[in-house]
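First comes the structure, then the notes that go with it.
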Amino acid sequence: MLTDLPTVKQTAVYVYQTPVRIWHWVNALSITVLAITGYLIGSPLPTLPGEASDHYLMGNIRFFHFAAAYFFMVGFIFRIYWAIVGNSYSHQLFTLPFWRKRFWSELVHEVRWYAFLEKEPRKYIGHNPLAHLFMVVIITVGGLVMIVTGMALYSEQTGLGSWQDDLFGWVIPFVGQSQDVRMWHHWGMWVIVVFVMLHVYTAIREDIMSRQSLISTMISGWRMFKDDRP
Ligand code: HEM
Ligand code: HEM
């Protein structure tokens with residue numbers, strides 16, 4: 001006996017491999033830069049005195065948006081590659097087991113747990129079903145929408161004949177016109193911002209209230225279970 005304080009036996013599973021963790025934090029940083037600079041592109045700061053080309057304020061804001069966009073896009077492609085070669089939990093971001101009845105019953109349980117209607121949290125090695133569903137819909141599908149609409153807007157600037165125009169130019173007439181694409185791109189930002197707020201709240205809440213570690217898991221890769229009950 002090391003102490004007379006209450007003790008529990010913990011178990012740990014290595015869930016998030018190094019590339020997934022690096023991707024998570026690089027992706028979080030690039031989305032933060034994209035949301036701030038994107039907001040400033042949509043609602044520009046007051047005009048500064050002097051020649052715009054001298055202070056180049058909007059130019060710099062746009063440069064940071066495009067630089068972060070490339071980090072986001074290369075990261076997205078890399079994450080697809082890692083879902084193919086990584087461990088079984090690395091697939092979760094791109095797959096939803098919607099044909100499994102258990103997934104849906106656990107999803108209902110998680111909604112009730114988050115709403116403080118359940119007393120006993122369940123154990124999950126990977127994402128819980130509610131987190132899983134939101135990550136696939138908002139980050140995978142939503143991220144793809146942001147890439148396609150963002151590249152379509154970008155192709156207007158790189159011009160006819162550019163690879164951006166060859167690959168994404170069709171999106172503008174498909175959606176309607178340039179301003180419609182801009183509107184969807186802008187709305188996408190708010191959807192992602194709301195996701196990030198809920199995500200950070202639930203990560204902290206679950207770290208405290210659930211039966212497993214959360215934030216340290218996305219840092220070290222190891223999921224610690226706070227008790228050895230099934
Ligand atoms: C999470 C990802 C992203 C977020 C949150 C985001 C957000 C935004 C927002 C809010 C705007 C302003 C729209 C408006 O005029 O109201 C914008 C503009 C723009 N974004 Fe993004 N964006 C993201 C990803 C991308 C990507 C991947 C690209 C690809 C290159 C991109 C390219 C652009 C372009 C070209 C513009 C228009 C710039 C201008 O008209 O000066 N964005 N973005
Ligand atoms: C822009 C900000 C962020 C975005 C877009 C984001 C997105 C994501 C995504 C997509 C995953 C799934 C990872 C995968 O399966 O590959 C994830 C997991 C996770 N994120 Fe974030 N994240 C952000 C910020 C944060 C922050 C600030 C924290 C810490 C407070 C955090 C904590 C976590 C944790 C703990 C997990 C693992 C959840 C689990 O164990 O089931 N995230 N995040």
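Counting starts at 1 for both ligands and their atoms, in listed order.
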Which bit of [X] is near ligand 1, meaning a heavy atom under 4.0 Å away: side chain, backbone, both or neither?
| X | answer |
| --- | --- |
| Met183 | neither |
| His65 | side chain |
| Phe66 | side chain |

* To do: List the steps and the verdict of side-chain contact (heavy atoms from CB on, under 4.5 Å) for Val145 and Trp184.
  => CA-CA 9 Å; Val145 169; Trp184 287 111; 5.6 Å; no
*Co-membership, hydrophobic cluster, residues Val191 and Ile36, 4.5 Å side-chain*: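 Not linked; separate clusters.
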Same apolar cluster (I L V M F W Y, side chains within < 4.5 Å links), Ile192/Val26:
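No; tracing contacts between hydrophobic side chains, which count when under 4.5 Å, never links both residues.
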What closest approach, in Å, do [X] and [Y] show between heavy atoms, and which atom pair accounts for it?
| X | Y | value |
| --- | --- | --- |
| His185 | Met146 | O-CE, 3.1 Å |
| Arg223 | Tyr124 | NE-O, 3.5 Å |
| Arg112 | Glu118 | NE-OE2, 2.8 Å |
| Ile219 | Arg21 | O-NE, 3.1 Å |
| Phe78 | Pro19 | CZ-CB, 3.7 Å |

Judged on heavy-atom distance to [atom], which of [options] sits nearest?
| atom | options | value |
| --- | --- | --- |
| atom 15 (O) of ligand 2 | Met135, His91, His127 | His127 |
| atom 22 (N) of ligand 1 | Met189, Glu156, Gln164, His185 | His185 |
| atom 3 (C) of ligand 2 | Ala83, Ala35, Ala28, Gly86 | Ala28 |
| atom 10 (C) of ligand 2 | Ile192, Ile215, Ile139, Thr202 | Ile139 |

Is the shortest N/O to N/O distance between His199 and ligand 2 below 3.5 Å?
->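 Yes; at least one N/O pair falls below 3.5 Å.
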Nitrogen or oxygen atoms of Thr217 and ligand 2 under 3.5 Å apart:
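So ligand 2 has no N or O lying under 3.5 Å from an N or O of Thr217.
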Only heavy atoms of [X], strictly under 4.0 Å: list the atoms of ligand 1 that pass.
| X | answer |
| --- | --- |
| Met151 | 29 (C), 30 (C) |
| Ala69 | 26 (C), 27 (C), 28 (C), 29 (C), 30 (C) |
| Ile41 | 38 (C), 39 (C), 41 (O) |
| His186 | 13 (C), 14 (C), 16 (O) |
| Gly42 | 12 (C), 14 (C), 15 (O), 16 (O) |

Ring center gap for Tyr89 and His132 short of 6.0 angstrom =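 Here the rings of His132 and Tyr89 have centres that are no less than 6.0 Å from each other.
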Looking at the rings of Phe195 and Phe134, which for Trp means the six-membered one, are their centres under 6.0 Å apart?
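No, the ring of Phe195 stays outside the 6.0 Å limit from the ring of Phe134, centre to centre.
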task: Decide whether the shortest distance between a heavy atom of Gln212 and an atom of ligand 2 is less than 4.0 Å.
output: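 False for this residue.
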For [X], which part has a heavy atom under 4.0 Å from ligand 2: side chain, backbone, both, or neither?
| X | result |
| --- | --- |
| Tyr16 | side chain |
| Trp25 | side chain |
| Tyr124 | neither |
| Met218 | side chain |
| Gln92 | neither |

Quick one: look up the protein heavy atom nearest [atom] and list residue, atom name and how far away it is.
| atom | value |
| --- | --- |
| atom 2 (C) of ligand 1 | Leu34 CD1, 3.5 Å |
| atom 40 (O) of ligand 1 | Arg182 NH1, 2.7 Å |
| atom 35 (C) of ligand 2 | Leu214 O, 3.1 Å |
| atom 36 (C) of ligand 1 | Leu153 CD1, 3.9 Å |
| atom 5 (C) of ligand 2 | Ile31 CD1, 3.6 Å |
| atom 4 (C) of ligand 1 | Met146 CE, 3.3 Å |
| atom 31 (C) of ligand 1 | Gly150 CA, 3.4 Å |
| atom 11 (C) of ligand 1 | Gly38 O, 3.4 Å |
| atom 41 (O) of ligand 1 | Arg62 NE, 2.6 Å |
| atom 8 (C) of ligand 2 | His24 CD2, 3.4 Å |

Any sub-3.5 Å donor-acceptor pair from Arg211's side-chain atoms to Pro121's backbone N or O?
->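 Judged by distance alone, yes, a pair lies under 3.5 Å.
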ask   = Any donor and acceptor pair, going by atom type alone, linking the side chain of Thr11 with main-chain N or O of Phe225 inside 3.5 Å?
value =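 Flag not set: sc Thr11 to bb Phe225 has no pair under 3.5 Å.
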Taking distance alone, with no angle check, do Tyr154 and ligand 1 share an N/O pair under 3.5 Å?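 In this structure, Tyr154 places no N or O atom under 3.5 Å from an N or O of ligand 1.
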Open item on the list: Please report whether ligand 1 has a polar contact with Tyr39, defined as an N or O pair separated by less than 3.5 Å (distance criterion only).
Closed with: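 Between Tyr39 and ligand 1, no N or O pair is found under 3.5 Å apart.
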More than 12 foreign heavy atoms under 6.0 Å from [atom1] of [X]: is that the case here?
| X | atom1 | answer |
| --- | --- | --- |
| Glu51 | CD | no |
| Tyr14 | OH | yes |
| Phe98 | CZ | no |
| Tyr56 | OH | no |

Under a 4.0 Å N-O cut-off, is there an ion pair linking Arg122 with Glu110?
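No salt bridge links Arg122 with Glu110.
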Mark up the atoms of ligand 2 that fall under 4.0 Å of a heavy atom belonging to [X], in ascending order.
| X | answer |
| --- | --- |
| Arg223 | 39 (C), 40 (O), 41 (O) |
| Val200 | 26 (C), 27 (C) |
| Arg79 | 14 (C), 15 (O), 16 (O) |
| Val20 | 16 (O) |

Check: Got Val20 and Arg79 here, is their nearest side-chain heavy-atom distance under 4.5 Å?
Finding: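 Sidechains of Arg79 and Val20: in contact.
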Q. When you look at Thr158 and Trp163, which way does the side-chain contact (heavy atoms from CB on, under 4.5 Å) test go after all the steps?
A. CA-CA 9 Å; Thr158 51; Trp163 66 265; over 6 Å; no
Can Ser213 and Thr217 be counted as having a side-chain donor-acceptor contact under 3.5 angstrom?
->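 Yes, side-chain donor-acceptor contact under 3.5 Å.
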